[in-house]
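Input: a single structure, listed below in structure tokens.
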Amino acid sequence: MGRDQKTTPSLQHILQQFDQCADLSRRNFPEIRVDIVYFPHLVSSKLLTDEILEPFARPQGDKIEQLLEQSQFVFQADVKKVVVGILGGSVAIFHMDQVYMLDAYGPETRSLVQSETETIITGPHDSFVESASTNLSLIRRRIKSSHLKVIRCSVGEISKTDVYILYIKGIANLEYVEELQKRIQRIEIDAINEGAMLSQFIEDNPNSVFPQFLTTERPDAAESKLEGGKIITIIDNSPTAISAPASFFEFFSSPDDYYQRWALGTALRLLRYSALLITIIFTAMYVSITTYHYEMIPEALLRTLAESRTRVPFPPVYEALLMETMIELLREAGARLPTKIGQTIGIVGGIVIGQAAVQAGLTSNILIIAVASSAIASFVIPSYMMSASIRLVRFGLIILAGIWGNMGLSMGVALLIIHLSSLTSLGSSYLSPVAPMKGTDWKDVFIRAPFALLKTRPSQTRTPNTIRQKMRK
Amino acid sequence: MAEKLTPFHITILVYMTQSGIIIFTLPRQLAEYFGTNGWLFMVPCFVISSLNIYLISLVYHMGKGRSIFLILEQSISKVVLYPLYIGLSSVWLIFGCMIGKKYVLLFQMISFPTTNPMIFKLAIDLLALLLLTKGIYTISKATTVFFWVTIWMYLLLLGFIPNFQWVRLTPFIFKEGHDMVRGGLDIYTAFLGYELSLLYLPYMDHKKKSMRGVYAGNTILSVAYISFAFICFGFFSLGQLKKLLYPLLDLLAFIQLPFVERLENLLYGFFLFLILVTVVMYWWAAAESVQRILPRANISILCSILVGISFVVSYIPTTLDQVNTWIMYLSYAATGIAFGLPLLLVVLLLVQRKRRNSYA
Amino acid sequence: MRKLSAVIVLMFLLSGCKSDERILERLGMVQTSSYDLSEDQRLKVTSSIPVVNPESVSRRELLVVEADSIKEARLQFSRKTELFLVSGQLRNVLFGLNLTKAGLGNYLDTLMRDPSVALGVRVSIVDGDAGALLSKDYKQHADTGQYVDHLLEKEGGRNSIPQITLYEFSRDYNDDGIDPIAPIIKETEDHVVIEGIACFEQDRYRMKIPAADGMIFALLRGSLNQGEVALNLGEDGGRKRIVMFSSLGSQHKLKVIRSENSRFKVKISASIQGSVLEYTGSLRLQNKADRQELEKEISAKLSSEGNQMIRNLQQHHVDSLGIGQYVRNSLSYREWKSTDWNKVYPSVEIEFHPKVIIKDYGKYN
């Protein structure tokens, strides 16, 4: 209790606080000497009618005092809490110098729609929305266990955004929970608007290109993370849930892998890792081979490659950077425009500009293939955050390849590996299970082994309860 | 978080520290010094290095996992020890830096012949410094990744089996060689790197398995080197092998894939990872010993100074030949350390134990 | 911060290495080179460079120069072309017969020393003037060098001539128990023809095995997994008896027997399997006994031709079959060193024992 707030909350006081808040609503019931104050857009109109308007309009013989003794009305003596309550969607009821609060939170929210950024083919299609309570319900619906614990904290000096830390007791390692809670409570900022933004405040190394916490919009993904011993953080007003701790390789798995048959899931995983390789080095290899290592071109390709380069006026590295920038422009334009126009932009940009650039002799057509395939490959990576990071890294490698050819490329890769291995996620290794090595985890990281073999939870979570499946054939 | 090195990581660290620049010349050196079936010489080398590791494990067991510096400082006064530390660290520091320099000079044969080698050296040193300052645990993590990125290359050896002929191996053992003693010393340096496991002691998981990790790393390296040398002796003829200065590069250049040829251009870059780990580990060892003298020094600054010194030193030799000479003498010194240091420690431990017993 | 500074340093160095750039379209990538001995005992080098400009009429550029060494020739070439000459794409080196007779050792040395030249470069001999063969344009082929390369590659794959690259040549050249070989080609009016196999003693050309006998040479030299051979089994009532033995696989074994007074006897046995695709004799192939007879006849024919070839090789002092390796391996080191293999070789008794098995005989009786 704030000791300096000794003054009893009076109606005048509260109204003064909300001075010039035109959206505040005040009603009074003079016959029973009751005033109510609330924000109509934060309050569910049904609740308001059922709990206040109807009973208060005609108090059936009961006195108003008795009515207010019902448990939904909470007596509140602290002004600050009254203000916070009103802001949080409560109705403040003033009666004879006393204040009661009724939680009637129920603002308009977006209904459940499919996830835009993480689409899958088979499996549940619902996704998180902006309302934390809806999101919580999406998870509670899936995990019907009292062991699913939720810690609530609030973040943002002004915005006072609710943040919920979810974990399953007995599976999640409590040290991680504590650490995460500590980090969230340490945040001092006016407002945090998004889950991915929150994650940058609590990451181990905020300056890294790579996201150290996995973000997801999919409740089924969040659920499986919880069951694997990870901790999910949900922030109000954001459809993005954060899963921690995360490993680099986690970003390459999609819930789809488990819904498909294991052979297919494995093939998809391998495909994604090869996509990673293609994205990172394909264009850079083109640059390094055409600039320095002509020996590496097989005879059959030599003429094609050299011919396509003959009319290009600048060195391969500029050529490649030009085209890569072009692709990024297209992608960004497509992302900012409505879907239909976005598609048109893609077609116009991709086909028309690409074709014209080759014909005008600005780039070689082999490079177009390299750039396009590495762009496509980057979109194969399921996590948007990771794919964006990797696309950025690619530019660095192209430049390095332009400076020192394959040696530059190796140096870039070495730098990348050194950086990745120095990263941690909630203090655990980001490269788990490769370093520290945990061979048994590999079957759920690089391949998707049959369920019969996936008997343990990932080692990174340091879970006290490692067995996830006891079933025997 | 004070994390310990698991036996697996020790295996990888030891293997990666050991495998270094010598792999480029190893088969030729074997052919030159030992002649026919020179690859067999790797077997006694393996045995000797294993014995040396046994010596190290004695230090580990008798010292009950104490750091070697503690053991040394318990019996020897600091006046004597500090020069020793400086000696150790300078050998390791310069050894690491010469390996880096040799790698750069070799690379410049393949491409970038006219660029100033010190620019490449600077880049490699910066990479190494970056890794060095992150501490042994991160080094071991990065090493593990480097291990997986490079170990598959041994599979390429399978591609040479069609051209492998037993006839070329000949039934003769160590004929047509010369200077076997010197050659033996030179080739033994291929195994160097395990001696740094002396310094891992305080970072190890205090379990018996840790020492087994060192043995395992040495074994992986030996198997890899022996199979590589063996394939070379059956793939090339002896006379040819003697003339190929860098048989590994020739082997890699021989591989032709449908979409890419002349893999030495690409794979030479992969050897950067091996070299980087070797360099970083030697520098780490040097930094550890210097830190014993200056315990309060900031690690990053200390490492930067050390790397700076070594960078300046690496200006001195400019040709491959000079670098080879430097590496030769330094590797003799490193070999001396590999045997001498654990021996000294064992003796000290025996003395300490005796003294403790006499007090009791 | 440190990473940032590293990146900045790298960027700073960008300008430092322009001289080492090898941008593809600015390179003159020598694909085929030929070396001849000119009349005044100098080296005549001809190099063929692909012209990649699609607007150009010709597909290759030829550079011819006389110089004292391979690398000196390159310097002279450089003065003739706007392209930066490199040898990393070298596919094929052709040596003229004159040069081959004088010895290839030096040239081999130069080629092996250059780090940009890989061991996979094909080595072939030209009966006549190699430069002339390379300079000539064959109507149906835009690039003669490539044509020769593909021709040798294809024929080598079928084992009628050996696949010889720098690797094989220098390997055998540097081995004390085997002499190198190389395919030999010749220019005709509108084609390049494979003449046969050139056999060397050390690095000097000594004799040639005609292309028709290439298969027998291959059978003598090692195990095979594919090949074709046509044999003339003589005449039978005025009718030529030709048998075409195809898709043959052969297991090759070589045994060294030491007789008294330290003479060597070498038995080469080959067990050959294959299918008969053509037979013009009178034997009925569906008949088992006849088939066995044919097998015997083929064996006998192969054996006689093989043995004749061996005699021929021995007379020319060329150990192209690598008999020396096997003899060496059957001796102790001291014994081997005390034998002058070159002297001993012609008198070694070498026998070829092929054993032929007909797997099938086609789909028609």
Practice task
For the residue pair B/Ile110 and C/Pro115, establish whether any side-chain heavy-atom pair is separated by less than 4.5 Å.
Solution key: no
Problem - Donor-acceptor pair, side chain of B/Gln240 and main chain of C/Glu168, under 3.5 angstrom - result: no
Handout entry: Portion of B/Leu244 that has a non-hydrogen atom of chain C nearer than 4.5 angstrom
Key = side chain
Practice task
Establish, from distance only, whether the side-chain atoms of B/Thr115 and C/Asp20 form a donor-acceptor pair under 3.5 Å.
Solution key: yes
Practice task
Select all residues of residues 331-341 of chain C having any heavy atom within less than 4.5 Å of some heavy atom of chain B, and report them by number, or 'none'.
Solution key: C/Leu331, C/Ser332, C/Tyr333, C/Trp336, C/Lys337
Handout entry: Partner chain C: residue of B/Gln256, B/Glu176, B/Gln165, B/Met109 with the largest heavy-atom pair count (under 4.5 Å)
Key = B/Glu176
Problem - Which portion of B/Tyr246 sits near chain C, non-hydrogen atoms under 4.5 angstrom - result: neither
Problem - Side chain to side chain, B/Thr170 and C/Gln325, heavy atoms closer than 4.5 Å - result: no
Problem - Rounded distance [0.5 Å steps], OG in C/Ser116 versus CZ in B/Arg262 - result: 6.5 Å
Problem - B/Phe236 vs C/Leu119 side-chain heavy atoms within contact, under 4.5 Å - result: yes
Problem - Part of B/Lys243 within contact of chain C (heavy atom distance under 4.5 Å) - result: side chain
Exercise for the section: Please report the shortest heavy-atom distance between B/Val167 and C/Asn329, naming the atom on each side. Expected result: O-ND2, 2.9 Å
Practice task
Could you tell me which portion of B/Asn265 (side chain, backbone, both or neither) has an atom closer than 4.5 angstrom to a non-hydrogen atom of chain C?
Solution key: neither
Handout entry: Donor-acceptor contact present, side-chain C/Arg22 to main-chain B/Phe112, <3.5 Å
Key = no
Practice task
Measure C/Asp109 against the heavy atoms of chain B and call it side chain, backbone, both or neither at under 4.5 Å.
Solution key: neither
Problem - B/Leu241 backbone acceptor or donor facing C/Arg171 side chain under 3.5 Å - result: no
Completion exercise
So, the part of C/Val121 with a heavy atom under 4.5 Å from chain B: the answer is neither
Practice task
Check whether more than 12 heavy atoms from other residues, nucleotides or ligands sit under 6.0 Å from atom CD1 of B/Ile299, and answer yes or no.
Solution key: no
Handout entry: C/Lys71 atom NZ: more than 12 heavy-atom contacts under 6.0 Å
Key = yes
